[in-house]
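In what follows, a structure is listed as C-alpha cells, so that the remarks can point back to it.
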Amino acid sequence: MDIALLRTFVTVHRAGSFTRAAALLGLSQPAVTSQIRTLERQLGRPLFLRQARGVTPTTIGDELAHKAAPHLDALVEITEVGLDEESAVRTLHLSGPPEFTAERALPALTALTRYDGQSIALRASFGTAEESLEGLAAGHHDLAIATARPRGVLLTATPLCDEEHVLVAAPRWAARIGSGKLHRDAAPSLEKFPVVEVHESLPLVARYWTAVFDSRPAVSGTVVVPDLRAVLSCVIAGAGLAVLPRYLCAPALDRGEIVALLDPPVPPLRTYFLVVRTGTLALPHIARAHEWLLRAAVDWS
C-alpha cells in the first residue's frame, strides 16, 4: 500500500475535511479526493461518508486510522530527528493572545533558544483564539495558545493554566466607589463609573459581571483599546475601572498604583489551552516546547 495514500488518508481523518486536508498537505482538493478514492478501491471499502460540511469516517476508516497513524507519525519523527542531526536549530512558530504570549509564553520559551545541542528559533505571532486556531489548522503555526478548546480531531488541546480576573481601578476611583464596602449586589453602583476595555462588546467586564453579580453589565466602554497592557496603563492613569488578569496587574497592585475593588470568594477564571495539530508532538522541537510550557505553567496559576 502506498504510504503517500495513507498519509493523505490520515490527514483527512484528522482534519474532517478534504478541503482542510488539502491545505495541510499542499495539494489541490481534487488530488486529495482522487487519492482517497484510489485507497478505497484498493481496500474495496468506503473510508469516509461525504456530508455537506466535511466527511465522517466509516468504521473501517476509523480502524485504519488508529492502526496507521502511529506508524506514520513515527516515520515523521525519524525524518525530523535526521534533520536535527544535520541542523541543530529548528524553528518553532507560536501564536497566541498578545499579552499572555508576551508576558508568559515567550519568556518561558526563551531558554530553548540556548538549549545545548538542539536549539530552537522562535517565531511568534499574535491573534485571537479563532485566528490562532485557524492558522494552526492551516499549518501556519506549530503551537497555539487559545482561550477556547477546539472541536474535532484535527487539533489536540491540553489545559495550560487558569487566569484569575480582578476588578481594579486607580486609588482615587476606589475611594469614590468605596471598594471596602463592595459586595455581590454592587453592580448598579459600579455601573455609574467609566470603564476601560479591549473591545466594544466588553468581553472581560461581561464575563466578570456574569460570574460575580449574575447579571449583564449596563455600561459601555469609556476607553476601548485592543491590548490589556494598554488597558492597565489607562487604569493606572485614572481613566476608569477595568477587569484584568491578575498575572498582568499584580505588580501594579503591589505598588499601590491600582486597587482591587472586590474579592469574591470564587474569582472568575479563564482557562488557556496549549494546542497542536494532532500527531505533531512526534516532532522533537514541538514536543520540547510543549513540555517546556506545561512545566512553566505549574507556577503561573
Query raised in the report: Hey, what's the ring geometry for Phe9 with His13, parallel, tilted or perpendicular (30° and 60° as the breaks)?
Result: tilted

For this session: Before giving the answer on side-chain contact (heavy atoms from CB on, under 4.5 Å), spell out for Ile120 and Leu109 the whole-Å C-alpha distance, their side-chain angles and the decisive distance to 0.1 Å.
Result: CA-CA 9 Å; Ile120 288 178; Leu109 290 173; over 6 Å; no

Heavy atoms of Pro217 and Trp209 approach each other most closely as CA-CD1, 3.4 Å

Between Arg104 and Pro107 the two heavy atoms that sit nearest each other are O-CD, 3.4 Å

**Asked** Hey, are the side chains of Leu106 and Leu94 touching, using non-hydrogen atoms and a 4.5 Å cut-off?
**Response** yes

Pro97 side chain reached by Ile145 side chain, heavy atoms, under 4.5 Å
yes

To the nearest 0.5 Å, atom CG of Leu253 lies from atom CD1 of Ile258 at 4.0 Å

Q.
Please tell me whether Val224 and Leu232 are part of a single hydrophobic cluster in this structure, the criterion being side-chain heavy atoms less than 4.5 Å apart.
A. no

If we only count heavy atoms from C-beta on, is the Leu39 to Gln35 side-chain gap below 4.5 Å?
no

Would you say the side-chain atoms of Thr58 pair up with the backbone N or O of Pro46, donor to acceptor, closer than 3.5 Å?
yes

Report task. Check for a donor-acceptor pair, side chain of Arg172 on one end and backbone N or O of Gly238 on the other, with a separation under 3.5 Å. Result -> yes

Value for CZ (Phe213) from CG (Leu167), rounded to nearest 0.5 Å, stands at 6.5 Å

Do the non-hydrogen side-chain atoms of Pro203 and Val198 ever get within less than 4.5 Å of each other? yes

Apply the test side-chain contact (heavy atoms from CB on, under 4.5 Å) to residues Leu143 and His93: give CA-CA distance (whole Å), side-chain angles for both, the deciding distance (0.1 Å), then the verdict. CA-CA 7 Å; Leu143 284 176; His93 296 270; over 6 Å; no

Residue pairs passing the side-chain hydrogen bond (donor to acceptor under 3.5 Å, both in side chains) test with at least one member in residues 230-259, sequence neighbours excluded, are Glu164-Arg246, Arg255-Glu257

In this structure, CZ of Arg207 is separated from OG1 of Thr147 (nearest 0.5 Å) by 7.0 Å

message = Using the rule given for side-chain contact (heavy atoms from CB on, under 4.5 Å), can you reason through Leu43 versus Leu64, listing the C-alpha separation, both sets of side-chain angles and the distance that settles it, and then say yes or no?
response = CA-CA 10 Å; Leu43 296 173; Leu64 179 59; 3.8 Å; yes

Here the gap from Asp142 atom CG to Leu281 atom CG, rounded to the nearest 0.5 Å, amounts to 10.5 Å

* So do Thr210 and Arg216 actually touch side chain to side chain, heavy atoms under 4.5 Å? -> yes

The ring pair (Phe, Tyr, Trp, His ring centres under 6.0 Å) partners of Phe18 (sequence neighbours excluded) come to none

List the steps and the verdict of salt bridge (charged side-chain N to carboxylate O under 4.0 Å, His left out) for Glu63 and Lys67. CA-CA 6 Å; Glu63 290 179 0; Lys67 290 178 180 178; 5.2 Å; no

| message | Tell me whether Arg20 contacts the main-chain N or O of Thr11 through its side chain, where contact means a donor paired with an acceptor under 3.5 Å. | response | no

Q. Among the clusters formed by ILVMFWY side chains lying less than 4.5 Å apart, do Leu49 and Val55 turn up in the same one?
A. no

dist Ile177:CD1 -> Leu241:CG (nearest 0.5 Å) comes out at 5.0 Å

### Query
Val10 and Ile60: same hydrophobic cluster, using ILVMFWY side-chain contacts below 4.5 Å?
yes

Which of Glu40, Arg41, Gln42 passes side-chain hydrogen bond (donor to acceptor under 3.5 Å, both in side chains) with Thr38? Answer is Arg41

Worksheet item: Counting distance only, does the side-chain N/O of Glu99 pair as donor-acceptor with the main-chain N or O of Leu228 below 3.5 Å?
Response: yes

For Phe48 and Pro57 the tightest heavy-atom approach is CD2-CA, 3.7 Å

_I'd like to know if the side chain of His165 pairs up with that of Glu163 as donor and acceptor (distance under 3.5 Å, no hydrogens or angles considered)._
yes

Note: Leu294 and Pro159 closest approach over all heavy atoms is CD2-O, 3.9 Å

Is the number of heavy atoms from other residues, nucleotides or ligands within 6.0 Å of CD (Gln51) greater than 12? yes

Heavy-atom closest pair (Leu160 atom, Leu293 atom, distance to 0.1 Å) is CD1-O, 3.7 Å

Subject >> Min side-chain heavy-atom separation Arg270-Leu204 under 4.5 Å >> reply: yes

Open item on the list: Under a 3.5 Å distance rule, please check whether Thr113 uses its side chain to pair with a backbone N or O of Thr110 as donor and acceptor.
Closed with: yes

Heavy atoms of Ala239 and Val223 approach each other most closely as CB-CG2, 4.1 Å

Checklist entry - Is a side-chain N or O of Thr222 found less than 3.5 angstrom from the main chain of Val196, in a donor-acceptor match? => result no

Separation between OG1 (Thr158) and CD (Glu291), nearest 0.5 Å, reads 12.0 Å

### Task
May I ask you to test the Pro245-Tyr272 pair for a side-chain heavy-atom distance under 4.5 Å?
no

